[in-house]
Number of protein chains: 2
Amino acid sequence: MKLQQLRYLVEVAKQGLNVSDAAEALHTSQPGISKQIRLLEDELGVQVFVRNGKRVVDVTAPGKEILKISERILREAKNLKRVAEEFVNEQEGGLVVATTHTQARYALPPTIHDFMQRYPGVKLSIKQGSPTQICEFVMDGSADIAIATEGIDQFPELAMLDCYSWNRSIIVPDNHPLLDLKGQLRIEDVAKYPIITYDFAFTGRSKINRAFESCGLAPNVVLTAIDTDVIKTYVGLGLGIGIVASMAFDVKRDVGLFAIDASHLFEPSTTHIGIRRDAYLRGYTYSFIERFAPHLTRAVVDAALNNKGED
Amino acid sequence: MKLQQLRYLVEVAKQGLNVSDAAEALHTSQPGISKQIRLLEDELGVQVFVRNGKRVVDVTAPGKEILKISERILREAKNLKRVAEEFVNEQEGGLVVATTHTQARYALPPTIHDFMQRYPGVKLSIKQGSPTQICEFVMDGSADIAIATEGIDQFPELAMLDCYSWNRSIIVPDNHPLLDLKGQLRIEDVAKYPIITYDFAFTGRSKINRAFESCGLAPNVVLTAIDTDVIKTYVGLGLGIGIVASMAFDVKRDVGLFAIDASHLFEPSTTHIGIRRDAYLRGYTYSFIERFAPHLTRAVVDAALNNKGED
DNA sequence: CGGCCTTACGCATGACGTAATGATT
DNA sequence: AATCATTACGTCATGCGTAAGGCCG
């Protein structure tokens with residue numbers, strides 16, 4: 001049994017049981033993969049893949065187990081390399097942060113700025129995607145940590161760390177009637193106007209829905225966007241009022257727009273970091289996390305990684 | 001990085017940093033190991049072993065991490081093979097049970113008898129040792145499950161399953177004054193006579209000590225043995241009275257000896273099964289466990305294996 | 001000097017790429 | 001006909017064993 005064979009196995013499964021695609025992904029020849037998989041199957045005495053004539057069409061029952069274990073082995077092998085790298089030069093390496101627009105645009109910049117100054121040797125990259133996508137990036141190893149408000153709890157294999165809580169604001173254009181409102185803003189006031197907010201499954205959208213539902217109101221959502229900049233643009237055009245994360249409003253930059261605090265209308269949301277429990281984290285990764293959320297010290301993170309269940 | 005290289009690494013560490021011994025243990029040449037380890041170190045860019053001139057004298061800090069991960073990888077590789085075997089023929093394979101004398105002699109025989117009839121294709125073997133030894137057998141993979149009363153809780157990496165509780169009896173030779181005692185046996189009565197019982201760290205010995213201590217008594221232990229047969233022999237010779245596991249007394253075989261129930265004098269002991277949490281168990285292993293302790297169904301065992309902490 | 005690790009060298013296995021064949025849709 | 005996997009084959013890498021060479025106690 002060789003590590004390569006396991007790599008082939010896993011890649012074929014990953015590529016939807018297509019050996020040719022796996023070969024391409026691994027920059028090798030397709031017959032090589034075919035043969036190695038066959039050799040491994042011979043050695044184990046079990047078929048991993050079901051072949052219909054000469055086509056791979058399914059994974060056998062033992063194959064499923066074998067794939068699971070193979071993935072674990074490969075992941076550990078990767079960890080091994082990381083441990084070595086860590087000791088070779090703890091100031092250099094890579095760090096891939098998968099996150100959503102809101103985090104990347106409003107929450108992360110100061111952290112990233114500091115981090116890059118402190119660790120100039122680390123190749124930091126940000127991978128933007130939907131909450132589900134970024135979790136999958138972390139799951140399949142193409143990103144190290146996920147930062148998002150939604151979706152991380154869907155993946156039991158990811159440890160979830162609370163970073164910070166935040167509230168929402170209503171943003172309106174100049175001269176909007178809501179600005180003249182006497183007393184505290186009520187949800188009924190908000191529901192009167194066409195609403196522009198986040199796409200479902202993004203940036204705490206579920207809490208917004210729930211707030212209206214619990215009052216028996218049906219908000220008139222005229223536009224859903226993935227990022228706050230789009231929302232602001234359309235609010236500026238007078239299409240409706242925006243419900244956005246408070247941190248996304250900048251009184252200086254967002255000329256012609258006004259924010260009204262809505263903390264009391266919607267439950268606060270919490271932004272989380274998601275990390276594979278079986279990942280080995282480089283020292284600077286802990287440092288990055290702690291810069292982003294100071295209470296998440298290395299000890300706290302390690303404790304969360306070792307907890308099997310929820311935090 | 002290759003699996004063999006990891007195997008070499010781990011074996012050298014296991015053999016007390018002696019490359020030649022590792023070579024012998026793995027049935028290969030010593031220069032081969034030397035070279036492969038060097039190649040791996042080159043690839044990783046880190047020394048795993050500290051060499052004093054041409055002698056391996058220590059493990060480096062990264063080496064410790066690397067060894068830990070390597071062991072995990074090799075264990076998973078072993079599991080992979082087992083999974084395959086399980087599917088090739090679920091009726092055949094090996095099962096190594098590490099246990100103490102008392103279990104092997106008195107508790108296990110019926111289980112083993114049944115098991116061998118049901119699974120004639122399984123090569124069952126019993127490895128006898130001290131509680132600590134048998135746990136180490138399971139830890140290093142030379143046994144699959146440990147069955148013992150003492151010691152398993154010392155190893156956090158082993159899942160511990162309760163099997164059954166048992167009590168003790170006092171065994172005395174014919175015509176012993178304790179046989180004429182009116183009323184219930186008291187611990188003070190026992191303490192009057194020279195005592196023969198288990199060696200420390202064996203078969204619930206700690207509970208025996210505690211019972212005397214809590215009454216402020218100092219028992220006169222004249223002989224400690226590892227197994228009950230030795231205890232009985234000396235009781236028969238009149239050297240003293242025995243304190244043994246009740247199940248170890250057989251009214252038919254043990255002629256000339258008499259047992260007096262002592263459940264009320266000593267806390268009951270519980271016999272446990274210890275299994276590595278990261279082991280893959282063959283189907284018949286679950287069956288063996290369930291035969292031994294019927295409440296330990298496959299589901300119960302799996303649940304215990306997946307629990308990180310204590311049961 | 002004796003154990004112990006490394007270097008040097010040669011062989012043989014085997015991993016991989018190219019080309020050709022066969023099966024499936 | 002196109003796609004995709006297997007078989008066949010040649011080449012090159014490399015793992016491993018033997019023999020020789022230093023280092024340490």
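Here the structure is a predicted model, which is why all the values come from computation and not from measurement. Reminder, nothing fancy here: chain letters follow the sequence lines and each chain counts from 1.
- Under 3.5 Å, the side chains of Asp227(B) and Tyr198(B) contain no donor-acceptor pair of N or O atoms.
- Among the atoms of the strands shown, only primed sugar atoms or phosphate atoms (P, OP1, OP2) are found under 4.0 Å from some heavy atom of Leu39(B).
- With dC16(C), dC16(D), dC5(C) as the choices, the nucleotide that has an atom nearest any side-chain atom of Gln4(A) turns out to be dC16(C).
- Distances from the side chain of Ser20(B) to the nucleotides dC9(C), dC5(C), dT18(C) place dC5(C) closest.
- For the pair Gln30(B) CD and dT18(D) C1', the computed distance is 12 Å after rounding to whole Å.
- If you check dT25(C), dT21(C), dC9(D) against the side chain of Lys54(A), the one that comes closest is dT21(C).
- In plain terms, the two heavy atoms of Ala104(A) and Ile126(A) that are nearest each other are CB-CG2, 4.4 Å.
- Nearest nucleotide to the side chain of Asn18(A), out of dC16(C), dC5(C), dC4(D): dC4(D).
- Nearest nucleotide to the Pro31(A) side chain, out of dC16(D), dA15(C), dA19(C): dA19(C).
- Of the listed nucleotides (dG3(C), dC5(C), dC16(C)), dC16(C) has the atom at the smallest distance from the side chain of Ser29(A).
- With dC4(D), dG3(C), dC5(C) as the choices, the nucleotide that has an atom nearest any side-chain atom of Arg55(B) turns out to be dG3(C).
- Side-chain atoms of Arg118(B) and Gln91(B) form a donor-acceptor pair, as typed in the model, at a separation below 3.5 Å.
- Mapping Thr28(A) and Asn52(A) onto DNA chain C via the closest heavy atom, the residue that lands nearer the 5' end is Thr28(A).
- Both Val57(A) and Gln5(A) sit near DNA chain C, but only Gln5(A) has its closest nucleotide nearer the 5' end.
- In this entry the distance linking CD of Gln36(A) with C1' of dA15(C) reads 6 Å, nearest Å.
- With salt bridges taken as basic N to acidic carboxylate O contacts below 4.0 Å, one links Lys81(A) and Glu43(B).
- Cation-pi geometry between Arg298(A) and Tyr286(A) is satisfied (NZ or CZ under 6.0 Å from the ring centre, within 45° of the ring normal).
- Across all strands shown, Tyr8(A) has heavy atoms under 4.0 Å from sugar-phosphate atoms exclusively, and none from any base.
- At whole-Å resolution of the value, CD in Glu43(B) and P in dT14(D) are 11 Å apart.
- In this structure, Ile37(A) reaches neither bases nor backbone, as no heavy-atom distance under 4.0 Å exists between it and the strands shown.
- For the pair Leu17(A) CG and dT24(C) P, the computed distance is 17 Å after rounding to whole Å.
- Here dG14(C) presents its C1' atom at 8 Å from NZ of Lys35(A), a figure rounded to the nearest Å.
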